[in-house]
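This is the structure, below, for whatever I ask next.
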Amino acid sequence: MFVTENLTKIMENINHAITRANQINMIKLDDVKLVAVTKNHSVLTIEKAIAAGVVAIGENRIQEALDKSLTLTGKVEWQLIGHLQTNKVRQAVSLFDMIQSVDSERLAIEINRVAKKINKRQDILMQINVANEDTKFGISAKEVMPLARVISNLENVRLCGLMTVAPFYENTELTRPIFREMYQLFMGLKEANLPNTSIEWLSMGMTNDYSVAIEEGSNLVRIGTGIFGQREY
Ligand SMILES: *Cc1c(COP(=O)(O)O)cnc(C)c1O
């Protein structure tokens, strides 16, 4: 596995995309955070990634992440990128620094309740299904502000931005309008200046489409295959 080489190449691509975002799209983008997606990969792989400079990892299943966290020796930031059911909230809040997949009022309220008990302020993103795909989780564009207002009243939750999983297109240009719409939603949310929020992250872009996502204003990309190769299921 060529984790270090892959990471070097990806960082190069990220930097090129940042330049294009700034020069072509006039988006003020300083830096992009890389979350290495380690689902279906072993703890050893995570250790290698950390050694190669990865500071944040993304996992989409609670139990898998908890199991890994017990044997992992290195320090890393944990980001939940998969769907979260209300009955798993206690475990999720105990481990994750960021929960990217909040997609309902009920889930946000449960996260707040559990976080309060352990005196934590849980950072979250709202997951948006911009393309309104039946197969994807997430709220629609028009639900962004109403849900953000509810979350802004929850003391032990801090809304930090938006996340989306774009539809897969071989031709990533087709994804561009979706990313553009996400950026508009993100800026609208930022400008709303809701109390108790810190709108900082726009999480979009995976192995297939991260360059286009960054060009359209993403500042957090979630990359698995591009770093670790194909996952075995
Ligand atoms: C698996 C996954 C990724 C990473 O996908 P790759 O195509 O392997 O880069 C990113 N985001 C989410 C939500 C995922 O489930």
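Both ligands and their constituent atoms are indexed starting at 1 by order of listing. The structure presented is a predicted model; accordingly, all values stated were derived computationally and were not measured. Computed from heavy atoms alone, side chains included, the values below leave out hydrogens, waters and symmetry copies.
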query = Is V37 touching ligand 1 with its side chain, its backbone, both, or neither, if touching means heavy atoms under 4.0 Å apart?
reply =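 The side chain, only.
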
Donor + acceptor pair across side chains of S203, R222 (<3.5 Å) =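 The answer is yes; a qualifying pair exists.
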
Charged N-O contact under 4.0 Å between E59 and K39 =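 Salt bridge between E59 and K39, a charged N being under 4.0 Å from a carboxylate O: no.
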
key: Numbered atoms and elements of ligand 1 in range of V165, under 4.0 angstrom, heavy atoms   =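 The atoms of ligand 1 under 4.0 Å from a heavy atom of V165 are 13 (C).
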
ask   = With atoms numbered from 1 as shown, which atoms in ligand 1 lie under 4.0 angstrom from a non-hydrogen atom of T225?
value =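 That gives atoms 6 (P), 7 (O), 8 (O), 9 (O) of ligand 1.
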
query = Do any N/O atoms on G224 end up under 3.5 angstrom from N/O atoms on ligand 1?
reply =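 Min N/O separation from ligand 1 is below 3.5 Å for G224.
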
query = Is it the case that more than 12 heavy atoms not belonging to R176 sit under 6.0 Å from its CZ atom?
reply =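 Enclosed.
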
inquiry  = Are I109 and L154 packed together at the side-chain level, in the sense that at least one heavy-atom pair is separated by less than 4.5 angstrom?
reply    =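 Yes, at least one pair of side-chain atoms sits under 4.5 Å.
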
ask   = Just by distance, with hydrogens left out, do T45 and S42 show a side-chain donor and acceptor under 3.5 Å apart?
value =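 Present: a donor and an acceptor within the cut-off.
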
inquiry  = If you measure every N or O of N208 against every N or O of ligand 1, does any of those distances drop under 3.5 Å?
reply    =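 There is no such contact.
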
query = Which of the numbered atoms in ligand 1 are below 4.0 angstrom from a heavy atom of R222?
reply =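 Under 4.0 Å from R222, ligand 1 has these atoms: 4 (C), 9 (O), 10 (C), 11 (N), 12 (C), 13 (C).
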
query = Hey, which atoms in ligand 1 end up nearer than 4.0 Å to a heavy atom of I223?
reply =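 Every atom of ligand 1 under 4.0 Å from some heavy atom of I223: 9 (O).
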
key: Contacts of type side chain to side chain contact (heavy atoms under 4.5 Å, CB included), residue A56, not counting sequence neighbours   =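 By the side chain to side chain contact (heavy atoms under 4.5 Å, CB included) rule, A56 matches K33, V35, E77.
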
task = Classify the contact between Q100 and ligand 1 as side chain, backbone, both or neither, using a heavy-atom distance cut-off of under 4.0 Å.
result =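 No part of Q100 comes within reach of ligand 1.
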
